[in-house]
Amino acid sequence: MEEETAMDGWAERAGTVRVIGTGVMGRGIAQLAAAGGLTVELADARPEAVASAVEYVSAMFDKLVAKGRMTAEDAAAARARLRPVDDPLAPADDCDLVVEAVREDLATKRELFAALEKVCPDRTVLATNTSSLSVTAIGAGLADPSRLAGLHFFNPVPLMRLVEVIAGARTAAWIPGALADLVRRLGHRPVLAPDTPGFLVNHAGRGLVTEALQILAEGAAEPVDVDRIARDVLGLRMGPCELLDLTGLDVSHPVLESIWSGFYDEPRLRPSRITRARMEAGLLGRKTGEGFYRYVDGAKQEPPEPAAPAAEARPIWVHDTEPGVRDALASLLGEVERGDRPSADAVVLVAPYGRSALDVALEHGLPAERVLGLDPLGGFASRLTLAVHPGVDPAAGRAALAALAATGRPVTVVRDAPAPVAQRLLASIVNVGCAIAEQRLARPDDIDAAVRLGLGYPRGPLEWGDDAGAATVLRVLRGLHASTGDPRYRPSLWLVERAALGLPLTAAGTAPSDLL
């Protein structure tokens, strides 16, 4: 497609889109486009599926009217814009855009677009809804690959407001911006995503899942513990193990491996032996009735919170590892020892960032057998995470657990590690987001929007890093890297520089081009 064929206002003028594929995604795209004022030619290789899809979309408009989310007049107008097409390769002279939503197979998509190229006028933009294939690779089969781009919707399309717009290596420069404008016209939020493995959303999502699996592989916590901490401390709607069960390991594990290998074994994206083994065992999640959890009639069977143990009350002494920790725990627990050193019977609580409780005990000459860690992330406002190292006296540990449970907050007990679970999850989420920004794969605002809207996180990774403090996140990563030697924890340069300069992670900062 020649550059000069693109004119200002393409998105506003676009009137007709052909949607090829009548599966869940194709029906959702058709519904969104028809409701947004576009005439929709709905096509499929199986003519009988087209009538069923038109009927389904029409019924969805009726449901929206019944719920008061759409007027009867708007629903009637949207239904009138649905046009069944028996042959996906019928002449498309009136189409401004063709979107395919067929099966995820490179050969199938290449063959389809090669045929579409012959029946669509030069002005028609071609778009693939692929979620995992390279847009450049799909376009390589075209005589004119400049007219093809990625337009990745998320399921369910009408409710998931995010759309990834992906330019292939040969995509005409004007097309991504024009498609982004069209997405806005339809009421959704576009993000410009790179044509790299996982695009933007799935790439950014590796931070949570891969670190959760690393925690499980180390035996630091159980799946239910990780999920409860992720929900209650970080505010995620769903923990990483729940998410893997929902998606299904037959889907999730291959994605983990493809993104990791696509970035040439980048350690931050490293998958886990755990998911491969469970996938091969058929423990896929909800769809098989068993994954990290068991499911009965589709309902997750989560074990109850463990009861607090009966324990003799003992004094609590708090090491002021971080500013304000002693006062915060005194307020929480009601009373703590105030001396410079713990008494002979006192349980010692330490609350560091990016360090194990044992490291703090050894550095400060504290009685290691009575020292336990408490995660300060979140300010002790919700779930409390108690870390236990191998040398803890069980009686001291039970006394600490009983005292914390008496506050009314749920308490999760985990193994002591170079950083607590919530800190590790958050640092990984932020670091992967920073690495995406560092490599200029996406703009900071698009990274954050993609994660909020596409993954449902309470904040984008860069926003979250700013909220927690870039310096704090950096401390956690450096502590993990120094303790384990694992390159998965090496901090992104984007994070290092902005922490040193006091700049927000959401700021692009000065670039060489700004001087020219």
Side-chain angles (χ1 to χ4, degrees), residues 152 154 162 164-166 189-214 230 233-238 240 243 255-256 259-260 262-263 266-271 353-354 377 419 422-478 480-481 487-509 511:
H152 180 212
F154 292 80
L162 185 77
E164 292 180 313
V165 180
I166 306 110
R189 169 59 156 96
V191 295
L192 299 178
D195 190 21
T196 54
F199 302 142
L200 183 49
V201 172
N202 282 328
H203 183 175
R206 298 314 89 191
L208 172 67
V209 173
T210 59
E211 186 58 25
L213 292 171
Q214 181 66 28
V233 180
L234 298 183
L236 294 169
R237 289 184 290 186
M238 185 174 289
L243 179 61
V255 170
L256 284 165
I259 293 177
W260 176 61
F263 280 94
E266 163 57 54
R268 294 188 188 106
L269 309 174
R270 187 174 65 230
Y353 283 100
L377 189 67
Q423 292 182 27
R424 293 178 65 169
L425 296 178
L426 178 59
S428 183
I429 291 168
V430 174
N431 202 33
V432 169
C434 286
I436 293 172
E438 178 190 337
Q439 298 170 61
R440 297 188 297 175
L441 299 180
R443 299 191 306 257
D445 60 330
D446 277 348
I447 296 170
D448 282 337
V451 168
R452 285 196 314 271
L453 298 175
L455 297 176
Y457 291 7
R459 302 175 185 84
L462 306 182
E463 297 169 321
W464 215 340
D466 284 338
D467 184 68
T472 297
V473 175
L474 186 58
R475 283 174 60 191
V476 173
L477 289 168
R478 283 178 167 164
L480 286 162
H481 195 201
R488 72 181 287 112
Y489 299 117
R490 73 190 194 284
S492 162
L493 186 60
W494 185 277
L495 173 62
V496 172
E497 291 177 333
R498 281 154 183 76
L501 292 167
L503 293 175
L505 299 177
T506 49

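- For the atom pair CG (L455) and CG (L243), the distance works out to 8.0 Å, reported to the nearest 0.5 Å.
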**OP:** Using the side chain to side chain contact (heavy atoms under 4.5 Å, CB included) rule, take L505 and C434 through it: C-alpha gap first, then chi angles, then the decisive distance, then the call.
**Re:** CA-CA 8 Å; L505 299 177; C434 286; 4.1 Å; yes

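- Between the side chain of R490 and the backbone N or O of P487 there is at least one donor-acceptor pair closer than 3.5 Å.
- The two residues P197 and I259 come nearest to each other via the heavy atoms CB-CA, 3.9 Å.
- Of the inter-residue distances, the one linking I447 atom CD1 with E463 atom CD reads 11.0 Å to the nearest 0.5 angstrom.
- With contacts defined as side-chain heavy-atom distances shorter than 4.5 Å, the pair Q214/L480 does not qualify.
- Taking both residues in full, the closest heavy atoms of L162 and A449 are given as CD1-O, 4.1 Å, listed atom of the first, atom of the second, then distance.
- Nearest heavy-atom pair across L213 and L256 is CD1-CD1, 4.1 Å.
- A tilted orientation is assigned to the rings of H203 and F263, their planes being inclined by 30° to 60°.
- Side chain of D446 to backbone of V191: no donor-acceptor contact under 3.5 angstrom is found.
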Subject >> Test log, rule side chain to side chain donor-acceptor pair (under 3.5 Å), inputs T506 and D448 >> reply: CA-CA 8 Å; T506 49; D448 282 337; 5.8 Å; no

Original post:
Step by step, would you call Y353 with L377 a side chain to side chain contact (heavy atoms under 4.5 Å, CB included)?
Top reply: CA-CA 8 Å; Y353 283 100; L377 189 67; 4.1 Å; yes

**OP:** Please assess R488 against T210 for the test side chain to side chain donor-acceptor pair (under 3.5 Å), listing each intermediate value before the final yes or no.
**Re:** CA-CA 10 Å; R488 72 181 287 112; T210 59; 3.2 Å; yes

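- In this structure the side chain of I166 never reaches within 4.5 angstrom of the side chain of P194, judged on heavy atoms.
- Although no hydrogens or angles enter the test, the distance criterion places no donor-acceptor pair under 3.5 Å between the side chain of E266 and the main chain of W260.
- Within the 4.5 Å cutoff, the side chain of L234 has no heavy atoms near those of the Y457 side chain.
- Taking CG of N202 as the start and CZ of F154 as the end, the distance is 6.5 Å to the nearest 0.5 Å.
- Here the side chain of D466 pairs no donor or acceptor atom with the backbone of P504 at under 3.5 angstrom.
- Of all heavy-atom pairs spanning S492 and N431, the tightest one is N-OD1, 2.8 Å.
- Between the side chain of E164 and the main chain of L200, a donor-acceptor pair closer than 3.5 Å is present.
- Closest heavy-atom contact between A442 and L192: CB-O, 4.0 Å.
- Panel note: side chain Q439, backbone A435; a donor-acceptor pair is recorded below 3.5 Å.
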Subject >> Trace of the side chain to side chain donor-acceptor pair (under 3.5 Å) decision for R268 with Y489 >> reply: CA-CA 7 Å; R268 294 188 188 106; Y489 299 117; over 6 Å; no

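- When all heavy atoms of L236 and P458 are compared, the closest pair comes out as CD2-CD, 3.8 Å.
- Distance check: W464 CH2 to L426 CG gives 6.0 Å after rounding to the nearest 0.5 Å.
- Here the side chains of L477 and L495 are in contact, with some heavy-atom distance below 4.5 Å.
- Checked for salt-bridge contact, R206 and E211 miss the test: no charged N lies under 4.0 Å from a carboxylate O.
- Remark: side-chain polar atoms of E438 are paired, donor with acceptor, to backbone N or O of L493 under 3.5 angstrom.
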